[in-house]
Amino acid sequence: MATKSVYNPRATVKPYPAFNAYHDAENLRNAMKGLGTDEDEIIDILTTRTNLQRQKIIEAFKASYDQSLIDELKSELGGYFECVAEGLMLTPGKFDAKEMANAMEGAGTDEHVLIEILATRTAQQLWALAEAYQSENASSLKDDLKSENSGDFEELLLSLLKGNRDESCRVDEDLANQDAKGLFAAGEDKWGTDETTFIKVFCRRNFAHLRKVFDEYYQLTNKDIEDTIKDEMSGTFQMGMLALVQYAKNPAAYFATKLYESMKGAGTDDRSLIRIIISRCEVDMIDIKAEFMKQYGKSLYSYIQDDVGGDYRKILLRLCGMDDAE
């Protein structure tokens, strides 16, 4: 049973060439049937199929055995290994929706997760996220973001959620110059800061254009845009704007830093580690691995190997891709 998947040369998980959803469904059932569980077979199938192909396996499993594959996997697996397996089986929109809900539940809000997801997804992905969130929760994502956040940071998140960013790679040099002047007038050249101008430019322009704006800004002010943000803004809004700049400048470096931060020190931020590996393995994991090596002098593969264990380690390493040419 063939599915059309887009080949991405920067991904570590690519479409499985001889894909047969019913065959995979049968092998997964056999791996979970009886007394023991064949974790290696489960890892092998889940990490060598794209999300599109995994959705076909879920359908085939339901058609063949009238059971939910996700429920079966959850009943057979445990710990963070189970979290990775479930995350791989959810559609990207549902996975992001679950992460957003988790970041806002309970007493505090994890603003870093909110900005990471909203700043790095395409318009189509943002719409899928909003739709999945609405169907899984009692309220809309927009309403929950409004109730959990406030001020300029709330405005930034809601503006990103609209998905109004130009997604071309066109750079308009005149407009970039105008944008740089506008940012200067709204920040450095003003008593107080006009945050709306910053939000408008940062949330609507494509990333190639933003990089040109940052260059123009430096030519104009002899100051990096990040330094202006640090001087002119504070709190979660400053954090959100800096994240946007860092992602616009170099997406792979942004995620390499995030992965490093999830593993450095005594404990591991497993949710962040899992979220980034799952969300980027079909996008730009090869670039992220190269940036990780460049920044930290050690491969991402070996970092994961040293940081976690068991089947959880095995499945993450397979998604990360072999420790080669890094």
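Below, all heavy atoms of this structure are taken into account, side chains as well, without hydrogens, waters or symmetry copies. Everything numeric here is computed off the predicted structure, so don't read it as measured data.
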Pairwise distance [atom1]([X]) to [atom2]([Y]) - rounded to 0.5 angstrom:
| X | Y | atom1 | atom2 | answer |
| --- | --- | --- | --- | --- |
| Cys320 | Ile276 | SG | CD1 | 12.5 Å |
| His209 | Ser168 | NE2 | OG | 9.5 Å |
| Met32 | Asn27 | CE | CG | 10.5 Å |
| Thr109 | Glu148 | OG1 | CD | 3.5 Å |

| field | Within 6.0 Å of CD in Gln124, more than 12 heavy atoms from elsewhere | value |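 No, the 6.0 Å shell around CD holds no more than 12 heavy atoms from other groups.
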| query | In terms of heavy-atom contacts, does CD of Glu131 have more than 12 from other residues, nucleotides or ligands at under 6.0 Å? | reply | no
| task | Dump the intermediate steps for side chain to side chain donor-acceptor pair (under 3.5 Å) on Gln295 and Thr257, then the final yes or no. | result | CA-CA 8 Å; Gln295 287 184 41; Thr257 303; 3.2 Å; yes
Pair [X]-[Y], side-chain donor/acceptor within less than 3.5 Å:
| X | Y | value |
| --- | --- | --- |
| Thr91 | Gln55 | no |
| Asn8 | Glu282 | no |
| Gln134 | Ser140 | no |

Regarding [X] and [Y], does a basic nitrogen lie under 4.0 Å from an acidic carboxylate oxygen?
| X | Y | result |
| --- | --- | --- |
| Asp284 | Arg280 | yes |
| Arg271 | Glu99 | yes |
| Asp143 | Lys146 | no |
| Arg204 | Asp166 | no |
| Arg211 | Asp215 | no |
| Glu291 | Lys294 | yes |
| Arg318 | Asp44 | yes |
| Asp179 | Lys212 | no |
| Asp224 | Lys249 | yes |

| said: Can you confirm if the NZ or CZ of Arg29 lies within 45° of the ring axis of Tyr65 and under 6.0 Å from the centre of its six-membered ring? | reply: yes
| message | Test ring-ring contact (aromatic ring centres under 6.0 Å, His included) on Tyr247 and Phe207; report intermediate values, then the result. | response | CA-CA 8 Å; Tyr247 182 74; Phe207 293 119; 5.2 Å; yes
Looking at [X] versus [Y], is the centre-to-centre ring distance below 6.0 Å?
| X | Y | answer |
| --- | --- | --- |
| Phe237 | Phe153 | no |
| Phe292 | Tyr303 | yes |
| Tyr80 | Tyr312 | yes |

| request: Please report the closest heavy-atom contact between Leu319 and Cys281, naming both atoms and the distance. | output: O-CB, 3.8 Å
| task | Indicate yes or no for a side-chain donor-acceptor contact from Gln238 to the backbone of Lys230 under 3.5 Å, with no hydrogens or angles considered. | result | yes
| task | Carefully, step by step, assess Lys181 and Asn177 under the rule side chain to side chain donor-acceptor pair (under 3.5 Å). | result | CA-CA 6 Å; Lys181 286 177 178 169; Asn177 184 262; 3.2 Å; yes
| task | Check step by step if side chain to side chain donor-acceptor pair (under 3.5 Å) holds for Tyr133 and Asp144. | result | CA-CA 10 Å; Tyr133 192 96; Asp144 282 356; 2.5 Å; yes
| request: Please lay out, stage by stage, how Asp24 and Tyr16 fare under the test side chain to side chain donor-acceptor pair (under 3.5 Å). | output: CA-CA 11 Å; Asp24 285 345; Tyr16 190 69; over 6 Å; no
| query | In chain order, what residues pass the ring-ring contact (aromatic ring centres under 6.0 Å, His included) check against Phe214, with sequence neighbours excluded? | reply | Phe202
